[in-house]
Amino acid sequence: MSNIFKERFDRLIEGRFFFTTEEPFEDLLRRTKAVLEGHFVLSSGLHSSHYIQCARTLQHPKHAEALGGCLADRFQDYAVDAVISPALGGLIIGHETGRALGARAIFGERDNGAMTLRRGFGLQPGERVVIIEDVITTGGSVRGLIRLVEDLEGIVVGVGAILDRSGGQVDLGVPLNALLTMQVPTYQPEACPLCQQGSSPVKPGSRQQGAGG
Ligand SMILES: O=P(O)(O)OC[C@H]1O[C@H](OP(=O)(O)OP(=O)(O)O)[C@H](O)[C@@H]1O
């Protein structure tokens with residue numbers, strides 16, 4: 001991986017630094033074993049040699065709270081009414097960001113490919129919304145949520161993510177604020193060098209990935 005934007009993880013919580021040492025976001029992801037190497041097929045259908053399983057970092061509530069706080073800091077001046085995230089991966093970080101912003105946190109779910117609100121969630125016309133993701137690759141999930149919010153006459157004031165793995169290349173039409181930006185290569189299946197070497201991709205989250213603390 002290259003083009004790592006290192007930002008110090010030095011959020012002040014309740015008068016104390018959350019960590020005794022400042023830790024770059026990338027180091028936190030690696031230390032919590034979120035950076036997986038192998039051969040993966042992503043939700044977009046693209047293949048990649050890396051998958052960033054943020055759930056492994058976010059399984060630790062102190063990290064989820066601190067990362068959500070860091071994202072919330074980016075949107076403090078936006079008068080946010082609600083945070084919306086795509087299920088499932090964006091749910092925990094969206095909830096923690098909403099908590100830190102004092103905004104409610106809801107999530108969208110796919111129904112025949114389209115993002116929808118279920119469970120009685122809703123938006124009022126004119127509500128100001130931040131979309132929060134764990135990882136952005138193609139931006140397809142975020143675009144689905146932007147359409148959903150706009151259909152409900154909400155206002156998307158920005159997008160936040162723990163990681164933009166497009167290296168800053170993704171264009172969402174609204175400002176994107178990622179804690180970490182990396183260029184992590186993806187391949188069309190027919191051009192995937194790993195497939196050409198004879199390996200078969202696994203779907204992230206499958207048991208084949210193994211377990212880890
Ligand atoms: O920018 P994109 O190309 O849309 O990819 C990013 C999405 O992919 C992952 O979710 P996934 O679709 O794998 O489902 P999950 O959250 O249920 O694991 C991740 O949590 C993002 O939501």
Side-chain angles (χ1 to χ4, degrees), residues 1 25-26 28-29 32-60 63-64 67-68 71 83-98 105-119 121 129-150 156 158-189 191-192 201-212:
M1 294 186 194
F25 292 120
E26 186 195 356
L28 175 68
L29 293 177
T32 52
K33 302 187 176 120
V35 182
L36 306 180
E37 295 186 29
H39 183 189
F40 303 99
V41 58
L42 309 180
S43 58
S44 55
L46 298 174
H47 290 197
S48 182
S49 61
H50 287 81
Y51 186 78
I52 317 303
Q53 182 59 273
C54 282
R56 287 193 170 183
T57 307
L58 299 170
Q59 72 177 306
H60 305 286
H63 297 330
L67 290 169
L71 278 170
V83 170
I84 182 167
S85 304
L88 186 67
L91 208 154
I92 292 172
I93 189 63
H95 195 270
E96 290 296 337
T97 305
I106 60 178
F107 53 89
E109 298 169 81
R110 288 187 193 281
D111 184 6
N112 286 324
M115 281 290 180
T116 56
L117 288 184
R118 298 170 59 188
R119 303 167 201 280
F121 291 153
V129 178
V130 167
I131 295 172
I132 295 289
E133 260 281 26
D134 59 342
V135 178
I136 289 178
T137 304
T138 65
S141 305
V142 169
R143 284 191 203 91
L145 287 177
I146 290 173
R147 279 192 292 276
L148 173 63
V149 172
E150 291 180 345
V156 178
V159 177
I162 296 173
L163 169 65
D164 169 12
R165 54 169 288 174
S166 81
Q169 298 302 303
V170 71
D171 180 6
L172 300 168
V174 292
L176 167 61
N177 209 321
L179 298 182
L180 183 63
T181 301
M182 295 180 186
Q183 179 77 52
V184 187
T186 52
Y187 309 101
Q188 295 294 339
C192 174
V202 298
K203 192 169 160 31
S206 69
R207 286 166 193 253
Q208 287 165 272
Q209 280 183 356

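Keep in mind that the numbers below use all heavy atoms, side chains included, and drop hydrogens, waters and symmetry copies. Start at 1 and go down the list; that is how both ligands and their atoms are numbered.
With a 4.5 Å cut-off on side-chain heavy atoms, L42 and Y51 count as touching. Contact annotation: the side chain of L179 never approaches that of L163 to less than 4.5 Å [non-hydrogen atoms, C-beta and beyond]. A heavy-atom distance below 4.5 Å is not found between the side chains of E109 and M115.
With atom 18 (O) of ligand 1 as the reference point, the heavy atom nearest to it among F40, Y51, F107 is part of Y51.
Ligand 1 places these atoms under 4.0 Å from at least one heavy atom of G140: 1 (O), 2 (P), 4 (O). Per-residue contacts place V135 under 4.0 angstrom from the following atoms of ligand 1 (heavy atoms of the residue considered): 6 (C), 7 (C), 19 (C), 21 (C).
When V129, I132, V130, I136 are each tested for a side-chain contact (heavy atoms from CB on, under 4.5 Å) with V159, only one passes: I136. Each of T138, T137, L176 was scored for a side-chain contact (heavy atoms from CB on, under 4.5 Å) with V170, with one residue passing: L176. Shown are L58, T57, V135, V83; of these, the side-chain contact (heavy atoms from CB on, under 4.5 Å) with I93 is made only by L58.
Nearest non-hydrogen protein atom to atom 4 (O) of ligand 1 is S141 OG, 2.7 Å. Looking from atom 20 (O) of ligand 1 to the surrounding protein, the closest heavy atom is D134 OD1, 2.7 Å. Among protein heavy atoms, the minimum distance from atom 3 (O) of ligand 1 is reached at T138 OG1, 2.5 Å. For atom 8 (O) of ligand 1, the closest non-hydrogen atom of the protein is S43 OG, 3.4 Å.
Donor-acceptor pairing under 3.5 Å is lacking for the side chains of R165 and T181.
In this structure, G139 has a heavy atom closer than 4.0 Å to ligand 1.
Taking only nitrogen or oxygen atoms, main chain and side chain alike, R110 does not reach within less than 3.5 Å of ligand 1. When only interatomic distances are considered, the shortest N/O to N/O separation between L88 and ligand 1 falls below 3.5 Å. Below 3.5 Å of separation, one finds an N or O of G89 facing an N or O of ligand 1. Where the criterion is an N or O separation shorter than 3.5 Å, residue side chain and backbone included, T137 meets it with respect to ligand 1.
Nearest heavy atoms, G98 versus A105: CA-CB, 4.5 Å. In terms of heavy atoms, E133 sits closest to S141 at OE2-CB, 3.4 Å.
The protein reaches atom 22 (O) of ligand 1 closely, with a heavy atom under 4.0 angstrom from it.
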